[in-house]
Amino acid sequence: MSQHLSEQETIRRDKLNQLTALGIDAYPAPAFDVNCHSKQILENYNDAEKNFQQVSIAGRIMSIAPKGKATFAKIQDEHGRIQLYIGIDNICPGEDKTLYEKVVLHLLDIGDIIGVKGEVFVTKTGETSIRVKELTLLSKALRPLPVVKVKDGETFDAFADVELRYRQRYVDLIVNPEVRATFMKRSKMIQTIRDFLNEHGAMEVDTPVLQNIPGGAAARPFATHHNALDVPFYLRIANELYLKRLIVGGFDWVYEFSRNFRNEGIDRTHNPEFTVLEFYVAYKDYFWMMNYTEQMMEKIALALHGTTDVPVGDKIISFKAPFKRVPIYDAIREFTGFDVSEMDEAQMREVCRQLHIETDNSMGKGKLVDEIFGAKCEGNFIQPTFIIDYPVELSPLTKKHRSKPGLVERFELMINGKEIANAYSELNDPIDQRARFEEQVKLMERGDDEAMFIDHDFLRALEYGMPPTSGIGIGIDRLAMLMTNNAAIQEVLFFPQMRPEKPE
RNA sequence: GAUUUCGUAGCUCAGCUGGUAGAGCAAUACACUUUUAAUGUAUGGGUCAUGGGUUCGAAUCCCAUCGAAAUCACCA
């Protein structure tokens, strides 16, 4: 297959051939022993002590500026950038000046990965640098890297085209340090959560992604097919029903970072695959879960920012526990003036009409409440707020409220006007659960294409007895957006889904 | 899915009401052994997203297609 090459690509391939002709392997096999990183040197070098006199370091050339018989280059390793001073007499002490005159001056490019050995010193202009004594090419780059320059905090020629950045995330990561920082934060966030759960005795588990009956959420699944069994499978939309089976099985606290798949639109807050942390704790209820959740959120904010005040857009969000708790009907009353708590479906439909909210016949009472809340209330909860006590119609897997008829023991955690987590006192009454599933079937018959299927094995599990349990799902990508101050989910996913590109 | 905007050199962009493509960085060559967005001089680099149409003439106007972004709808 022939490939169209740009001028610069052709030149680099020619350089590769020249290197080969000089007997230099552009992709050598031997390990290159690294004994320090850029950051270690920059933070710890002491010019009086003359430490770091035998460093061995590797990285990617980010700039290279020949100045006659000396060349300045900057290499980037995982921890940052450091300047190299490559003097002809340092790397070519003998008669043969080929390495400098040919390789350094003509055959090395921005983007190449090299390993160097040498001593650290400070240049006249005060920049801690490495005087290179040995230089080894470790990998030749055949494509030119975008060259981003920064001066006085101002960035020039930023590699900023979002399509290119997402499709070629590797380039984005090389060239944009703040992108790298976002993903490091995301990783640290997940680590903090995992540590927090493990400290409290939770067990991390794995449950099926391929499911016969996609359950645990209201969403349209991806369908696939298993050839050997000749049966349809669905990619999971949630792992809830499997984790509850494990609670039945006798594990009292299980969690999973669940990659979920939903066959819906893509926009700046939706990717077809996304990550939800779900965990279930036996013998707890949703009040316990609210307490635990706010502690966890506070811990995450502290781990990532060193404070509970987190900047998000032009706002500061305080993750300081405790968070406000607002019953959903109170929220609706506050933002619409209507008390819908005692209304029937027809009255509620009239309220929707007055509020200019579109409804259709597939919507039951619970769905109408959800619509009103979504349209008029949700966006107002900027600071972390638990919205509690949802209508039973909306929550087929949730235990009925201990004292409020028609409601369930459920909360959603709203932050910056978006739902971040959803939790319940789990429904463990198998008779009630069967009735709720049957309600879902009726909704499906009314045309709700997101109503849940009956999962008979899950009912069977409940019939063996599940302890009272509280469970939660936390949108990890959404939380990462908040914690890294990014408005697009694509910014916190390494490889967001996009339409396939045309072949080059 | 709808609407709007965008797609020009490796990257970032300019190119007014149509006259046949330009800058900075990057690249190539030369000079320079402590530079800092290095500098100086010279040079090369483009099926202007793709395919049609209008026109004497299209990067520019029109249509379609592909890709992206924003807003909306649905959802987490």
Side-chain angles (χ1 to χ4, degrees), chain A residues 4-12 14-15 62-74 81 83-91 100 104-106 109-111 121-127 129 131 141-168 171 175-176 217-220 237-238 258 260-276 358 370-371 374-375 378 412-414 418-422 449-450 473-479 481 487-490 496 498-503:
Chain A
H4 174 262
L5 295 179
S6 68
E7 182 195 36
Q8 295 200 43
E9 287 174 305
T10 309
I11 288 167
R12 287 188 181 219
D14 182 55
K15 288 179 178 180
M62 299 307 290
S63 68
I64 182 161
K67 233 194 141 290
K69 295 192 166 54
T71 291
F72 289 91
K74 289 211 168 123
R81 292 184 186 185
Q83 178 168 267
L84 306 181
Y85 173 85
I86 309 169
I88 184 166
D89 296 325
N90 292 316
I91 63 162
Y100 186 82
V104 172
L105 247 26
H106 294 284
D109 285 302
I110 290 173
F121 73 112
V122 177
T123 63
K124 264 190 216 162
T125 49
E127 180 156 348
S129 309
R131 182 177 289 112
L142 296 181
R143 286 175 186 259
L145 218 48
V147 177
V148 180
K149 298 199 172 183
V150 177
K151 191 189 187 184
D152 302 330
E154 202 182 343
T155 301
F156 299 81
D157 299 330
F159 179 63
D161 183 304
V162 288
E163 183 175 356
L164 282 178
R165 286 182 48 233
Y166 298 160
R167 289 196 194 277
Q168 300 186 43
V171 176
V175 140
N176 290 325
R220 289 202 301 263
I237 55 173
S258 174
N260 295 342
F261 304 84
R262 299 191 185 172
N263 208 339
E264 291 155 359
I266 297 176
D267 61 32
R268 74 188 197 295
T269 56
H270 297 267
N271 193 63
E273 53 183 299
F274 61 103
T275 303
V276 173
E358 279 187 41
D370 192 38
E371 289 290 321
E378 194 174 63
E412 290 193 355
L413 174 58
M414 313 297 306
K418 296 261 162 49
E419 178 196 336
I420 293 298
N422 182 17
D449 62 351
E450 291 180 342
I474 299 175
I476 291 298
D477 310 300
R478 295 273 172 90
L479 189 58
M481 288 163 66
I489 197 169
Q490 286 77 14
M498 303 188 88
R499 283 209 144 83
E501 332 175 52
K502 280 180 285 187

[N]: pairing nucleotide in any strand, Watson-Crick or G-U under 3.5 angstrom:
| N | value |
| --- | --- |
| A37(B) | none |
| U17(B) | none |
| C48(B) | none |
| A73(B) | none |
| C6(B) | G67(B) |
| U28(B) | A42(B) |
| G57(B) | none |

Give the rounded distance in Å between these two atoms: [atom1] of [X] and [atom2] of [N].
| X | N | atom1 | atom2 | value |
| --- | --- | --- | --- | --- |
| M498(A) | G67(B) | CE | P | 11 Å |
| I11(A) | A29(B) | CD1 | P | 8 Å |
| Q8(A) | U43(B) | CD | P | 18 Å |
| E154(A) | G24(B) | CD | P | 18 Å |
| I64(A) | A26(B) | CD1 | P | 12 Å |
| D109(A) | U28(B) | CG | C1' | 11 Å |
| I88(A) | C32(B) | CD1 | P | 11 Å |
| E9(A) | G46(B) | CD | C1' | 14 Å |

Using the [atom1] atom as the point on both nucleotides, what is the distance between [M] and [N], in whole Å?
| N | M | atom1 | result |
| --- | --- | --- | --- |
| C56(B) | U43(B) | C1' | 36 Å |
| A9(B) | U65(B) | P | 24 Å |
| U4(B) | C63(B) | P | 11 Å |
| A29(B) | G44(B) | C1' | 10 Å |
| U34(B) | A23(B) | C1' | 31 Å |
| A31(B) | U20(B) | P | 39 Å |
| U8(B) | C16(B) | P | 15 Å |
| A26(B) | A38(B) | C1' | 15 Å |

Does any donor-acceptor pair link the side chain of [X] with the base of [N] at a separation under 3.5 Å?
| X | N | answer |
| --- | --- | --- |
| D267(A) | A73(B) | yes |
| E127(A) | U35(B) | no |
| E7(A) | A27(B) | no |

### Message
Between V150(A) and E371(A), which residue's closest nucleotide on RNA chain B lies nearer the 5′ terminus?
### Response
V150(A)
### Query
5'-most contact on RNA chain B: G87(A) or F274(A), nearest heavy atom basis?
G87(A)
### Task
Any chance you could measure T275(A), atom OG1, to L479(A), atom CG, to the nearest 0.5 Å?
11.5 Å
### Message
Let me confirm one number: the CG-CD distance from L142(A) to Q8(A), rounded to the nearest 0.5 Å.
### Response
12.5 Å
From [options], pick the nucleotide closest to the side chain of [X]?
| X | options | value |
| --- | --- | --- |
| F159(A) | A76(B), A27(B), U12(B) | U12(B) |
| V162(A) | C25(B), U28(B), A69(B) | A69(B) |
| F72(A) | A27(B), U35(B), A68(B) | U35(B) |
| E419(A) | A76(B), A37(B), A38(B) | A76(B) |
| R131(A) | A76(B), A27(B), U34(B) | U34(B) |
| K149(A) | C25(B), U28(B), A76(B) | C25(B) |
| V147(A) | A37(B), C11(B), C25(B) | C25(B) |
| E264(A) | U28(B), A76(B), U34(B) | A76(B) |
| L164(A) | A27(B), G67(B), U12(B) | U12(B) |
| I110(A) | A68(B), A26(B), U35(B) | A26(B) |

Using OP1 and OP2 only, check whether a side-chain N or O of [X] sits under 4.0 Å from [N].
| X | N | value |
| --- | --- | --- |
| K15(A) | U28(B) | yes |
| R499(A) | G67(B) | yes |
| R268(A) | U71(B) | yes |
| R167(A) | A68(B) | yes |
| H106(A) | A27(B) | no |

### Query
Does E9(A) come within less than 4.0 Å of R143(A), counting only side-chain N to carboxylate O?
yes
For [X], answer base if it contacts any base atom (sugar-phosphate contacts may also be present), sugar-phosphate if it contacts only those atoms, and nothing otherwise; contact means non-hydrogen atoms under 4.0 Å.
| X | result |
| --- | --- |
| K74(A) | base |
| A217(A) | nothing |
| A158(A) | sugar-phosphate |
| F121(A) | base |
| N271(A) | base |

### Message
For E412(A), is there any backbone N or O sitting under 3.5 Å from a side-chain donor or acceptor partner on N422(A)?
### Response
no
Heavy-atom check, side chain of [X] versus side chain of [Y], under 4.5 Å:
| X | Y | answer |
| --- | --- | --- |
| R478(A) | F274(A) | no |
| R268(A) | Q490(A) | yes |
| P272(A) | F261(A) | no |
| D109(A) | I64(A) | no |

#### Entry: side chain to side chain contact (heavy atoms under 4.5 Å, CB included) between M62(A) and L145(A), worked out
CA-CA 9 Å; M62(A) 299 307 290; L145(A) 218 48; 4.2 Å; yes
### Task
Assess whether side chain to side chain contact (heavy atoms under 4.5 Å, CB included) is satisfied between T10(A) and E7(A), documenting all intermediate values.
CA-CA 5 Å; T10(A) 309; E7(A) 182 195 36; 5.6 Å; no
